2 protein chains.
Amino acid sequence: MIDLMKIIIADDHALFRDGLHVLLQALGQVQVVEARNRREIEAHLKHGDVFDLLLLDLDMPGIANSDGVKRICESAPQTAVIVISGNDAGYVVKACMDAGAMGFISKSSGSKVMLAAIQMVLAGERYVSSGYFDKSSEHALDHSSTATSISPRQQQIWQMLIDGKSNKEISIALSLSESTVKQHISALFRKLGVHSRTQAIQKAHLEKM
Amino acid sequence: MIDLMKIIIADDHALFRDGLHVLLQALGQVQVVEARNRREIEAHLKHGDVFDLLLLDLDMPGIANSDGVKRICESAPQTAVIVISGNDAGYVVKACMDAGAMGFISKSSGSKVMLAAIQMVLAGERYVSSGYFDKSSEHALDHSSTATSISPRQQQIWQMLIDGKSNKEISIALSLSESTVKQHISALFRKLGVHSRTQAIQKAHLEKM
DNA sequence: AACCATATAGTACAAAAGTACTAGCTATAA
DNA sequence: TTATAGCTAGTACTTTTGTACTATATGGTT
C-alpha cells in the first residue's frame, strides 16, 4: 500500500469513469488511466507498463461476456482484474471468476464496499459481492436439485439471442443445423425457467432488480 | 449560485450515485440526497422540502420510460429534472424532453459536460446532450422522409416486449385484441427497421454503442 | 462398466409471431 | 376538405419458434 499503484478503469460511460477516478484517490498513491473499450485496454497493457489492477465493466463494448474477461486475464496475468457489472446474477459471477477475475463487484455496491474490495484484491485475496451468495442461496431453494449451470455453448447462443439473431442466423453463424440450435435453446430455457427468447433476454439483462 | 442548492440523485447503482455525489461538490454549497427507486424519489419530494434539481436515471426501477419522467415532473413542478441515460437515441431524448425534463445527459458524457449542464439548467435553460443532434442529423440522412416518431401506444407495447411479454399477454394486459397488438408491433417494427421482437429489444437496450 | 451432461442432428407437431390486407373511428395538419 | 396518422379489429396466410421425441458420439464421474 506504500508504493505507487497503477490502475486501469475500463468503462464506456465517462461519468462512471470519473466517479471511480475520484473514489480511487482515497487509496492514496495511485496512477489511474482510463479505457473506453477493449482496444484501449489492450493498448495500455501492451504498452509495456505493468498494471496492478484493472477495473473492468462487463457491459462494455468488446467484452459483453466472460469470454472477453478470459481474454483480458490471460493477456495480462500480472494484473489483477475486478469485474464490475450491473448484472450480478449467479451464473454471470461464476463465469467471470472462472474466467480468471480476482473480484466481482455489483454496480449496486457502495463506494465503501468498492474500496474494501480493491484493497482485498490488491492484498492477493479474491473478492465477490456478497449479493452473490444471497442470490445463490435463494437459487438453491428455487431450483433445489436442478442447480445446473449454463454450458459454454448455451451461453454463446444466449448472447446471440440477446443480439436479436434468429435460429437460422445462429445456425449459419455457428455452422450448425437449425435443429441443433433449437435443442440448445430449449435446454437453456429449461435452465432459466422461461418459455420464450424474449424472456431469456430479459433474464440476461435484469436479474439486477 | 450563492445559496444552498438541494439536489436529489436518483439511480439504482450505488457506485454511480457516489460518483455523482463527489462530482457535485464542485458546484459549491449543495445538499444532496439519494434515491434508489421511484418510491424514494416521491418520498423526498412529498416530505415538504423543495428541491432545486433532480438527477434522474432513466434505467431505474419504476421509471423505465418517459411516462415515469412525466409523472415525476408533474408531481414536482418546482424541481428541475435532468434525465441521465445510457440510451441517448433520438426518440428517447425527445420523449423525455416532451415529458417535461429540463435536461438530458448521456452516460457517455464527461464530468465537465455534466457540471456545465447542471449549471445551465439551474440558470433556467434547457440542456440536451450534443450527441443527440449528431445522431438526429445522421438519422435524418438515414430515414430521409421517414422521420417518424414512436407513438405512446407503440412505446408502451415496446416496453412490454422488453419485459418478455407475449402478444397474448399484452392483449390481455391492455384489454385489446391480439390482432390490434400485432398491428402496433408491426408498425413499431417498420419504424425501427427490424423484423423481430428480439431485434426491437436490442434496439431499445443498445443504441448507445 | 454404467451413468450423465454435452453436442450434434433428425422428424413431427403445435403454438406463436409476423405480414398483408380491409375497415371504421378519431384527431390533427395542410 | 382532404389528407395523414393513430387506435381499434378482423381475416388469411407464411414463417418462425418452441417442444417432444429418437439417436449417435464424446468426455467425465462414480
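Nothing here was measured: the structure is a model prediction, and the numbers come from that model. So that the names make sense, note that chain A is the first sequence line, chain B the second, and so on, each numbered from 1.
Taking 3.5 Å as the limit, the base of C:dG18 and the side chain of B:S186 contain no donor-acceptor pair of atoms between them. Side-chain atoms of B:S151 stay outside donor-acceptor range of the base of D:dG6, with no qualifying N/O pair under 3.5 Å.
Within the 4.5 Å cutoff, no side-chain heavy atoms of A:L20 are placed close to those of A:V32.
At least one donor-acceptor pair closer than 3.5 Å links the side chain of B:E169 to the backbone N or O of B:S166. Using modelled atom types, no side-chain atom of A:R197 and backbone atom of A:L161 make a donor-acceptor pair closer than 3.5 Å. Put simply, the side chain of B:E40 gets close to the backbone of B:R36: a donor and an acceptor are under 3.5 Å apart.
The two residues A:I170 and A:K165 come nearest to each other via the heavy atoms CG1-CB, 3.7 Å.
In this entry the distance linking NZ of A:K182 with C1' of C:dC13 reads 10 Å, nearest Å. Here the C1' atom of nucleotide C:dA15 and the CD atom of B:E178 are 10 Å apart, to the nearest Å. For the pair B:E169 CD and C:dA15 P, the computed distance is 16 Å after rounding to whole Å. Atoms CG (A:L176) and P (C:dA7) sit 10 Å apart, rounded to a whole Å. Look at CG on B:L161: it is 13 Å from C1' on C:dA16, rounded to the nearest Å. B:L188 has its CG atom 14 Å from the C1' atom of C:dA17, to the nearest Å. If you take CD1 of A:I185 and C1' of C:dA9, they are 15 Å apart, rounded to a whole angstrom. In this entry the distance linking CZ of B:R197 with P of D:dT17 reads 11 Å, nearest Å.
Proximity of A:N167 to the phosphate of D:dT16: no side-chain N or O atom is located under 4.0 Å from OP1 or OP2. Checking the phosphate oxygens (OP1, OP2) of C:dT8, a side-chain nitrogen or oxygen of A:H184 falls inside 4.0 Å.
Of the candidate nucleotides C:dT8, D:dA9, D:dT17, D:dA9 has the atom nearest to the side chain of B:S179. Closest to the side chain of B:S166, out of C:dA17, D:dT16, D:dG18, is C:dA17. Here the nucleotide nearest the side chain of A:Q154, chosen from D:dT19, C:dA7, C:dG18, is C:dA7. Of the listed nucleotides (C:dT8, D:dG18, D:dA9), C:dT8 has the atom at the smallest distance from the side chain of A:R153. Closest to the B:T180 side chain, of the nucleotides C:dA16, D:dA9, C:dT19, is D:dA9.
Where B:I157 and A:H195 each meet DNA chain D at their nearest nucleotide, the meeting point lying more 5' is that of B:I157. Take the nearest nucleotide of DNA chain D for B:S175 and for A:V194: the residue whose nucleotide is more 5' is B:S175.
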